[in-house]
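Start at 1 with the first residue, then count along the sequence. We use all heavy atoms of the structure for the numbers below, so side chains are in, but hydrogens, waters and symmetry mates are not. We count ligands from 1, going down the list as the structure has it; atoms in each ligand are counted the same way. Since this is a predicted model, take the numbers as computed values, not measurements.
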Amino acid sequence: MATALCPGSFDPVTNGHLDIIERTSRHFDDVIVAVIRNPQKTQSLFTLEERQEMLAEVLGHLGNVRIEFFKGLLVDFAKDHGAEAIVKGLRAVSDFDYEFQMAQMNQSLAGIDTFFISTSPQYSFLSSSLVREVARYGGDVTGMVPPSVATRLTDRFPEGGDAR
Ligand code: PNS
């Protein structure tokens, strides 16, 4: 059984994440979407429970994918769960430096390899933080996130968000 981790904050899950997770699930027997419990980013929009609910709603069709939380080092979580690979999406050159550094650190810490999948071009500009910002000011996030996530964002920022 080859197990891969798709780690992240998922605040919220975007269509870009979904693309990477779906493609990862075709290449590995078992995929764990690892949601970080203690992100360095302090400004979370959705609670952990909400993030898990949204992920569960959009990943239900993938039989070999499950959702787990972790805190601390990703490599420790990987060891505990028998995962031998981390899979990340690369959007643009700007992602590369940090992702490459993390991949080398994780390889050095625990011998775990990181595989990069190039993001599908239609999602290369997407990030959870930009989606949050667009929704906060009443912008249309249709096509950027799954419909159920868009509904939650609209509920969170009704009446055009914080733009008024
Ligand atoms: O969605 P994000 O916020 O870009 O995800 C970042 C994440 C959670 C993948 C990354 O911060 C991480 O792996 N954190 C766990 C702590 C850790 O292992 N740090 C050392 C990595 S070199």
Side-chain angles (χ1 to χ4, degrees), residues 2-25 27-28 30-59 62 65-136 141 143-146 148-150 152-153 156:
T3 300
L5 301 182
C6 289
S9 311
F10 303 104
D11 185 31
V13 59
T14 68
N15 284 340
H17 292 129
L18 201 50
D19 173 48
I20 297 299
I21 296 165
E22 281 175 345
R23 289 159 66 195
T24 302
S25 78
H27 298 286
F28 289 86
D30 198 21
V31 177
I32 303 175
V33 175
V35 185
I36 189 163
R37 274 189 188 279
N38 53 340
Q40 288 178 330
K41 305 161 191 168
T42 48
Q43 289 184 327
S44 303
L45 177 61
F46 291 104
T47 66
L48 287 173
E49 290 67 31
E50 288 171 321
R51 287 183 231 173
Q52 182 180 33
E53 282 168 17
M54 286 186 275
L55 282 163
E57 283 161 11
V58 300
L59 297 175
L62 300 172
V65 175
R66 64 183 196 275
I67 303 152
E68 304 243 3
F69 292 111
F70 79 101
K71 62 179 179 183
L73 288 178
L74 184 62
V75 291
D76 289 337
F77 177 84
K79 271 190 270 180
D80 291 346
H81 290 75
E84 59 262 36
I86 296 167
V87 178
K88 295 281 195 78
L90 271 188
R91 289 168 295 197
V93 177
S94 52
D95 279 344
F96 183 79
D97 279 349
Y98 186 53
E99 291 295 345
F100 193 64
Q101 196 179 10
M102 277 201 290
Q104 289 183 319
M105 177 60 84
N106 286 331
Q107 167 62 225
S108 159
L109 285 171
I112 186 160
D113 283 321
T114 299
F115 293 78
F116 293 111
I117 296 184
S118 58
T119 298
S120 296
Q122 67 269 33
Y123 302 132
S124 63
F125 63 95
L126 268 185
S127 68
S128 295
S129 58
L130 278 184
V131 164
R132 291 197 300 273
E133 188 168 315
V134 169
R136 185 181 300 280
V141 294
M144 300 180 194
V145 292
S148 58
V149 176
R152 283 184 192 247
L153 284 164
R156 187 59 58 94

| note | For G16 and L126, the nearest pair of non-hydrogen atoms, with its separation, is N-CD1, 3.9 Å
| field | Minimum non-hydrogen distance to atom 15 (C) of ligand 1, winning option of G72, P7, S127, S128 | value | G72
| query | Do T114 and M102 touch side chain to side chain, with heavy atoms closer than 4.5 Å? | reply | no
Which of the atoms in ligand 1, numbered in the order shown and given with their element, are less than 4.0 Å from a heavy-atom of [X]?
X: N106; value: 21 (C), 22 (S)
X: F70; value: 15 (C)
X: I36; value: 8 (C), 14 (N), 15 (C)
X: M105; value: 22 (S)

| field | Identified side chain to side chain contact (heavy atoms under 4.5 Å, CB included) counterpart of Y123 within the set D19, I20, T14, L18 | value | D19
| message | Under the side chain to side chain contact (heavy atoms under 4.5 Å, CB included) test against C6, which residue among I21, V65, I117 passes? | response | I21
| message | For ligand 1, which is the ligand I care about here, please tell me if K88 has any N or O atom under 3.5 Å from one of the ligand's N or O atoms. | response | no
| field | ligand 1 N/O within reach of L74 N/O, cut-off under 3.5 Å | value | yes
| said: For F116 and F96, take the angle between the two ring planes, folded into 0 to 90°, and tell me which bin it lands in: parallel under 30, tilted 30 to 60, perpendicular over 60. | reply: tilted
| message | Tell me whether E133 at atom CD has more than 12 heavy atoms from other residues, nucleotides or ligands lying less than 6.0 Å away. | response | no
